[in-house]
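Beneath this line is the structure, given in structure tokens, with notes to follow.
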Amino acid sequence: MTIEATIVIGSGTMGRGIAQVAATAGLTTWVYDANSEQLSGAKAAVEKSLSKLVEKGKLPSETADAAKANFKLCASLDEPDWSKVGIVVEAIYENFDAKTALYKDVQSRLRPDAILASNTSSISITKLAAASDRPSKFIGMHFFNPVPLMSLVEVIRGIDTDDTTVETVESLAKQMGKNPLRCNDMPGFVSNRVLMPMINEAAFALMEGVAEAETIDEIMKQGCNFPMGPLTLADFIGVDVCLNILEVLHRDLGDPKFRPCPLLRKMVDAGHLGRKSARGFHKY
Ligand code: 3HC
């Protein structure tokens, strides 16, 4: 199936990034958000990002102009032309009830052959799929922040996802300039199952006084060649998001090795959420 149009639901950091790469790939792209303030911020952010990519020689200016023309904000789900939409990518906050309530609304409009994809970082794809009307056409399409710069899309297959859906999503990811890699549905998939214990351990190292935050980050950058240290990365992702993913890993895999560091909890309680609150492990 060739996909010509998409609706991205959720216009936060991830949703706007996904919409940007979809519009750049030539898809008519609607972005919907119930939060009108967040939605209006998405347009300016995408235009700024496209200009930056042009400035750096990473994107031809005609492609950026075409992407701007393909990119449409919608304040209501009545606005898009649903007959053209081959895939909906949901990128709202990590809450099972909120996501499944949204699917009910989406499904009543979505073509029966269209795919429903979630950008969830930690909720079971199989469980979300089972709450939808199309488990065989439900899939995880997990992008990485900042979406326009990161090449990977983790493609997560739920227990009932069919081969055509996996293949269609892989070819769509390639059209978006991404490299899709498949994995099965297990808590945290591959990326967060491996990444979050490292961030957690860095938080334990800080809490136990092994080194200052700056030193922990520099040791991992200079010693392991990471582009940013684990605590800087946690600030970038959001300390609350990291804690939430660790809680899912701890609960669903039942292994004490995933126990969230108490310092992460304390920081979330204090509102030290990282870059978005101007304070996390570092100050911004
Ligand atoms: N669009 C366009 N440009 C952007 C951008 C965007 N959305 N976001 C950042 N940039 C630009 C910045 O403005 C900056 O431009 P400047 O050089 O003119 O100031 C530039 O990118 C950043 O440049 P840097 O020199 O700092 O770094 P690099 O270009 O070498 O790399 C990076 C940037 C790719 C973000 C790199 O720092 C990196 O790989 N960081 C790690 C990111 C990562 O691990 N992400 C995954 C998080 S986990 C996740 O998302 C999963 C979730 O489920 C938790």
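As the structure is a prediction and not an experimental result, all values here were calculated from the model. Order of appearance sets the numbers: ligands from 1, and atoms from 1 within every ligand.
- In terms of protein heavy-atom proximity, atom 49 (C) of ligand 1 is closest to F144 CD2, 3.5 Å.
- From the protein, the heavy atom lying nearest to atom 10 (N) of ligand 1 is L149 CD1, 3.6 Å.
- Distances below 4.0 Å separate heavy atoms of L233 from the following atoms of ligand 1: 43 (C), 44 (O), 47 (C).
- Relative to atom 45 (N) of ligand 1, the option among T232, N145, N244, L195 with the closest non-hydrogen atom is N145.
- Heavy-atom proximity to P146, at under 4.0 Å, picks out these atoms of ligand 1: 7 (N), 8 (N), 35 (C).
- The N/O atoms of S49, backbone and side chain alike, include one that comes under 3.5 Å of an N/O atom in ligand 1.
- In this structure, the protein non-hydrogen atom closest to atom 39 (O) of ligand 1 is P227 CG, 3.5 Å.
- Exactly one residue among D163, D113, D160, D162 makes a salt bridge (charged side-chain N to carboxylate O under 4.0 Å, His left out) with K137. That residue is D162.
- If you check each of K52, K56, E94 against atom 20 (C) of ligand 1, the one with the closest non-hydrogen atom is K56.
- Checking K276, R275, R265 one by one against D240, the salt bridge (charged side-chain N to carboxylate O under 4.0 Å, His left out) holds for a single residue, K276.
- Among all heavy-atom pairs drawn from L59 and A64, the shortest one is CD2-CB, 3.9 Å.
- Contact annotation for V147 and ligand 1: no heavy atom of the residue comes within less than 4.0 Å of the ligand.
- Geometrically, ligand 1 and H142 share a nitrogen or oxygen pair separated by less than 3.5 Å.
- Among protein heavy atoms, atom 34 (C) of ligand 1 sits closest to M150 SD, 4.1 Å.
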Next on the checklist: Determine whether E4 and T28 satisfy the following criterion, side chain to side chain donor-acceptor pair (under 3.5 Å), listing intermediate values before the conclusion.
Outcome noted: CA-CA 6 Å; E4 285 162 14; T28 302; over 6 Å; no

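- Under a 4.0 Å criterion applied to the non-hydrogen atoms of S121, ligand 1 contributes the atoms 53 (O).
- Using a 30° and 60° split on the angle between ring planes, F144 and H142 fall in the tilted class, from 30° to 60°.
- Residues L273 and M267 are not in side-chain contact: their nearest non-hydrogen atoms beyond the backbone lie 4.5 Å or more apart.
- In this structure, a donor-acceptor pair under 3.5 Å is absent between the side chains of N70 and T29.
- The closest approach between any non-hydrogen atom of P148 and ligand 1 is below 4.0 Å.
- Of the candidates Q20, E55, K58, M228, the one placing a heavy atom closest to atom 41 (C) of ligand 1 is M228.
- No donor-acceptor distance shorter than 3.5 angstrom exists from the side chain of E247 to the backbone of P260, with no hydrogens or angles considered.
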Next on the checklist: Applying side-chain contact (heavy atoms from CB on, under 4.5 Å) to I9 and I92, what does each step give before you reach the verdict?
Outcome noted: CA-CA 7 Å; I9 302 189; I92 68 166; 3.9 Å; yes

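- Among all non-hydrogen protein atoms, the one lying nearest atom 48 (S) of ligand 1 is I237 CD1, 3.7 Å.
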